[in-house]
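Only heavy atoms go into these numbers, but all of them, side chains included; no hydrogens, no water, no symmetry mates.
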Amino acid sequence: MKLSRRHVLQGLGGAMLGLPVLEGLVSRRAEAAEPGALPFAIFLRQADGVAAAQNTEELGLEPERFWPEPLGALTTTTLAGKSLVELADHRARLLVVRNVNMKDYNYGDGHARGALQSLTARGPTVEGVGGDSEASGESLDHRIGRELNPQKRDSLFLYAGQGGGWLGGPCISYRGSASRRAALHDPWVAYQTMVGGPGGLTPEAREALLVRQRSINDLVSGQLKALQSRPELSSTDHQRLDLHLSNVRDLEVALSCRARADEELRLQQQAPGYNSTDGDEVLATVRLHMDIAVLAVACGTTRSVAIQVGNGNDSATRYRDPTTGQLMENFHFISHRRLSHDAAGGIIAGSDLLHARVDAQFARTFNYLLDRLAGYVLPDGKKLVDMGVSVWFNDLGNGPAHSARNIPFILAGSCNGYLKQGVAVTASGGGNPNHNKLLNTIGSAVGLRNAAGGPLDDFGDPAHAKGLLPELLA
């Protein structure tokens, strides 16, 4: 039987378990012809800007608490005192990009402009309607899935935080103009979506997973035993397979505990953990979504995952202040520096520092993703994290001003050598929008191409200048 590096076990009830790359399942000829892992992109969206240096009406001069100083090679010194210091262990694979500027479209609201444009590089379908806005084009995460996924399967779009709210909750992923994608909110549902075949799980398999708490490993146990007994598998293959199955089991344990608790809460019509306003619960859900994302790209189920945290302006989530142990005001208030969703409320003393503490929690959460990806080692010795690119981005440059300039984009992983690593750079573009070029660069790194077969250079608004950002290329 001719085997691919990407081996998928099909079991009872439509269950599917993708496996990591196993060197013993391919011939030397195939080894040379087929890459060890296909490039992927995982996007993590944070709202409300970051605690960058600025002069605000509320607090006056605010010091730099986010961007490395100076730019250039990333070291513990350049990261010291900044939220990004939480990523110091991965600094050699980071690409920190300053001067990414969005188009100041008339969405009628800065949050709508930033969130809906963030992965589409498109303006609104109708100008000036604020919370009722829609983007006028496809998002990059969806295009990656549509063009590169097996069987053109949809990419994963995952959401953490209270549903609804500003911009209707999930709002960064689009199939096309005014065609917003629904996100998978419950991590258990997201997991079932990942492990189910094209037809999904049968009721029997669903019951086995949800009610009888069996593992997806159990549903493919017959094929697993046959695979593990194959003589051509190396000792390294067995170790890689054991790690993968252990990760699956660990994820299921976490999800099954969450699912059981959430089921009780749902019956009482209370907000389950994944539909919470408590920042601890929200970020715990994000980590579960990250576990799913890592499994999905390791198995070759998808080449793209987008994870959105909080609604359009993350107006309900209250993150914890690590210095006091108390939940802070909602993040939108803190980003405004005032006790209101506009400029009318009283000033929150020290809110720039509180904002930086939220940024640091996102940095730690992003670090969790990188650690999980780095745990997968491929047959050639490379780590999965370096085969793709993980992107932590925002939809505003800062909170009080809702700036469309200097939007934070933190990239990790080189897409197998396509992107620079270990540096903070300034993107070219001057006063013109260059955010679309950043998305083109990420799309090209993953494998998208333009109509002529060259690197993707025309994604986003056709009125924008085409091209990539050369400062990002290795």
Side-chain angles (χ1 to χ4, degrees), residues 5-8 16-22 36-45 87 89-90 93-94 141 144-145 148-150 153-160 183-184 186-196 215-217 239-256 258 274 283-309 362-379 382-392 410-416 446:
R5 281 176 170 270
R6 290 296 180 188
H7 203 62
V8 177
M16 295 181 66
L17 176 63
L19 301 177
V21 177
L22 300 174
L38 296 173
F40 60 86
I42 299 176
F43 300 93
L44 172 66
R45 175 268 191 178
L87 298 169
D89 289 346
H90 290 284
R93 55 172 53 99
L94 295 182
D141 64 304
I144 292 171
L148 301 180
N149 273 357
R153 179 176 185 161
D154 270 355
S155 61
L156 284 176
F157 178 31
L158 310 174
Y159 179 80
L184 296 167
D186 183 345
W188 185 256
V189 173
Y191 178 69
Q192 292 178 76
T193 300
M194 187 195 74
V195 301
S215 169
I216 187 67
N217 298 347
Q239 293 173 7
R240 189 174 293 114
L241 187 57
D242 288 344
L243 169 66
H244 185 68
L245 299 180
S246 175
N247 284 344
V248 170
R249 174 63 79 180
D250 289 346
L251 173 61
E252 287 178 326
V253 168
L255 289 174
S256 62
R258 173 67 66 89
Y274 63 83
L283 293 178
T285 299
V286 174
R287 289 191 292 272
L288 286 175
H289 281 324
M290 287 176 168
D291 290 341
I292 294 165
V294 172
L295 286 170
V297 297
C299 298
T301 303
T302 185
R303 302 271 295 277
S304 174
V305 183
I307 304 173
Q308 178 181 331
V309 185
F362 272 88
R364 284 195 292 274
T365 305
F366 189 57
N367 191 76
Y368 176 86
L369 171 64
L370 303 185
D371 283 346
R372 295 292 283 176
L373 287 167
Y376 277 88
V377 181
L378 301 173
K382 296 180 180 178
K383 295 184 177 181
L384 184 61
V385 64
D386 299 313
M387 296 299 98
V389 60
S390 300
V391 184
W392 167 29
I410 312 301
L411 282 59
S414 69
C415 271
N416 202 21
V446 176

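Residues Val389 and Pro39 are not in side-chain contact: their nearest non-hydrogen atoms beyond the backbone lie 4.5 Å or more apart. Side chains of Tyr274 and Leu288 form no contact here, defined as non-hydrogen atoms less than 4.5 Å apart. Contact of the Val297 side chain with the Tyr376 side chain is not registered, since no non-hydrogen atoms from C-beta on lie closer than 4.5 Å. By the 4.5 Å heavy-atom criterion applied to side chains, Asn367 and Trp392 are not counted as neighbours. Looking only at side-chain heavy atoms (C-beta outward), Leu373 and Met387 stay at 4.5 Å or farther from each other. At a threshold of 4.5 Å between non-hydrogen side-chain atoms, the residues Met290 and Thr365 count as touching.
When all heavy atoms of Val305 and Ala293 are compared, the closest pair comes out as CG1-CB, 3.8 Å. Shortest non-hydrogen contact noted between Ser414 and Asp386 is OG-O, 3.5 Å. Looking at every heavy atom in both residues, Leu87 comes nearest to Ala363 through CD2-O, 3.3 Å. Heavy atoms only, all atoms of each residue included: Pro187 and Ile292 are closest at O-CD1, 3.3 Å.
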Between His90 and Asp371, does the side chain to side chain contact (heavy atoms under 4.5 Å, CB included) criterion hold? Intermediate values first, please. CA-CA 9 Å; His90 290 284; Asp371 283 346; 2.7 Å; yes
Could you walk me through whether Val286 and Phe362 satisfy the side chain to side chain contact (heavy atoms under 4.5 Å, CB included) test, starting with their C-alpha distance in whole Å, then the side-chain angles of each, then the deciding distance to 0.1 Å, before giving a yes or no? CA-CA 10 Å; Val286 174; Phe362 272 88; over 6 Å; no
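Rounded to the nearest 0.5 Å, atoms OH (Tyr368) and CG (Leu44) are 13.5 Å apart. Put simply, CG on Leu370 and CG on Asp89 are 10.5 Å apart, with the number rounded to the nearest 0.5 Å. A distance of 11.0 Å separates OG1 of Thr285 from CG of Leu158, quoted to the nearest 0.5 Å. With rounding to the nearest 0.5 angstrom, the CZ atom of Phe157 is 9.0 Å from the CG atom of Leu184. The CZ atom of Phe40 sits 7.5 Å away from the SG atom of Cys415 when rounded to the nearest 0.5 Å. For the atom pair CG (Asp141) and CD1 (Ile42), the distance works out to 12.0 Å, reported to the nearest 0.5 Å.
In this structure Asn149 satisfies the side-chain contact (heavy atoms from CB on, under 4.5 Å) test together with Arg153, Ser155, Thr302, Arg303, sequence neighbours excluded.
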